[in-house]
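Worksheet: one structure, shown below.
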There are 2 protein chains.
Amino acid sequence: MSEDDLVAVSQLRSSAMRLARRLRHQRVEESLSPTEMGVLGTLARCGKATPGELARKEHVQPPSMTRIIAMLEEKGLVRREPHPEDRRQVVVSSTEEAEQILNESRRRRNAWLAELAEGLDEDEWERLKAAAPVLYKLAHL
Amino acid sequence: MSEDDLVAVSQLRSSAMRLARRLRHQRVEESLSPTEMGVLGTLARCGKATPGELARKEHVQPPSMTRIIAMLEEKGLVRREPHPEDRRQVVVSSTEEAEQILNESRRRRNAWLAELAEGLDEDEWERLKAAAPVLYKLAHL
DNA sequence: AATTTTCCTTAGCCTTGGTAATGACGTAGG
DNA sequence: CCTACGTCATTACCAAGGCTAAGGAAAATT
């Protein structure tokens, strides 16, 4: 790995962490913790999931996920149904209201980021736009 | 703002947040919280700072910063001296040991990210490398 | 059929951050 | 001057959110 590559990696690392920290401050729903938002996000992607699956995906221990789901259910953002085949398990799915909150949150953060990007000149923005799909792929590898 | 731009913004947002979350799991010093690492980072950049300044930069309330500094001082990562002109204030600076921890942490995260980047092909990596300085600029705007 | 495993949940603790109140020090108005 | 107010750090207490340990029910295994 070349010196240039190392510099790029380091820049990517610190940029991602700093951007994420600043984006986190933009969250629209003050009553929802980042982890709760994360759960809603994965539910939006996957449709439905059991508490155990959600705990693994969010890197949280099962008891914590139990409480997070209880919170979300109390707020009407999530539904719990018995598992059709395994009566130990539970199936969790998100409600319509949760989708709206997610969309609003994404909209707000996009707006904030777009405003920040005003500070870039034309050429810089082109380069960033060209790399955006790659960054997306990297983040999901 | 064009449709393409909106897509790029959205990709940047979700990629940054996801990468940051995964990077956070790579932290080397288990005994240091993310905020404590953040304080050490800003001290490394700024040299010295008062608790109030640190609290503002880390988006934390002053009492919390007081306690964080106390923790760091106990671990020998930070020094506290009286302010030369204003006897209400305190000047905080990081120690040599803190620098080492910071470097090691960065090294680990870079290594992790570099390994992840192995999953990209040559062209993708070139595009990302070209955009890395821009992303860095954006994150610090 | 009995034992083990898996899954969710409950109970209790710890860390971390926040607000309110305090005390020491600087600053401005009379 | 000196009194009143603002600012800075700190202390004391409280709430949120995560973890471990332990429990109870259902499935899997032997």
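Computed from a predicted structure; not experimentally measured.
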Which protein N or O atoms sit under 3.5 Å from an N or O of nucleotides 19-21 of chain D?
residue: D:dC19; atom: OP2; partner: A:Gln61; partner atom: N; Å: 2.9
residue: D:dC19; atom: OP2; partner: A:Ser64; partner atom: OG; Å: 2.7

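Across the interface with DNA chain C, nearest-nucleotide mapping of B:Thr35 and A:Arg80 shows A:Arg80 to be the residue nearer the 5′ end. Mapping A:Val90 and B:Glu85 onto DNA chain C by nearest heavy atom places A:Val90 closer to the 5' end of the strand.
Under the side-chain contact (heavy atoms from CB on, under 4.5 Å) test applied with B:Leu12, the options A:Leu113, A:Leu116, A:Asn110 reduce to a single match, A:Leu113.
With sequence neighbours left out, the salt bridge (charged side-chain N to carboxylate O under 4.0 Å, His left out) criterion links B:Arg127 to B:Asp123.
Closest heavy-atom contact between A:Ser94 and A:Glu99: OG-OE2, 3.0 Å.
Atom CG in A:Leu54 sits roughly 9 Å away from atom P in C:dC8 (whole-Å rounding). Separating the CE atom of A:Met71 from the P atom of C:dT10 is a distance of 13 Å, rounded to the nearest angstrom. Rounding to whole angstrom units, CZ of residue B:Arg88 and P of C:dC25 are separated by 10 Å. Rounded to an integer number of Å, the gap from CD1 of B:Ile68 to C1' of C:dG18 is 12 Å. If you take CD of B:Glu36 and C1' of C:dG17, they are 12 Å apart, rounded to a whole angstrom. Protein atom CG of B:Asp86 is 13 Å distant from nucleotide atom P of D:dT7, rounded to whole Å. When the P atom of D:dG17 is taken as reference, atom CD of A:Glu74 falls 12 Å away, rounded to whole Å. A:Glu73 has its CD atom 14 Å from the P atom of C:dC8, to the nearest Å.
Close to C:dG26, at under 4.0 Å from its OP1 or OP2, lies a side-chain N or O of B:Arg87. For C:dC8, the OP1/OP2 oxygens have a side-chain nitrogen or oxygen of A:Thr50 closer than 4.0 Å.
The neighbour count for B:Glu115 CD, taken as heavy atoms of other residues, nucleotides or ligands under 6.0 Å away, does not exceed 12. Within a 6.0 Å radius of CD in B:Glu74, no more than 12 heavy atoms belonging to other residues, nucleotides or ligands are found.
Among the nucleotides D:dG17, C:dC8, D:dA27, the one closest to any side-chain atom of A:Pro51 is C:dC8.
At least one donor-acceptor pair closer than 3.5 Å links the side chain of B:Thr95 to the backbone N or O of B:Gly76.
Of the N and O atoms on the side chains of B:Ser105 and B:Arg108, not one donor lies less than 3.5 Å from an acceptor on the other residue.
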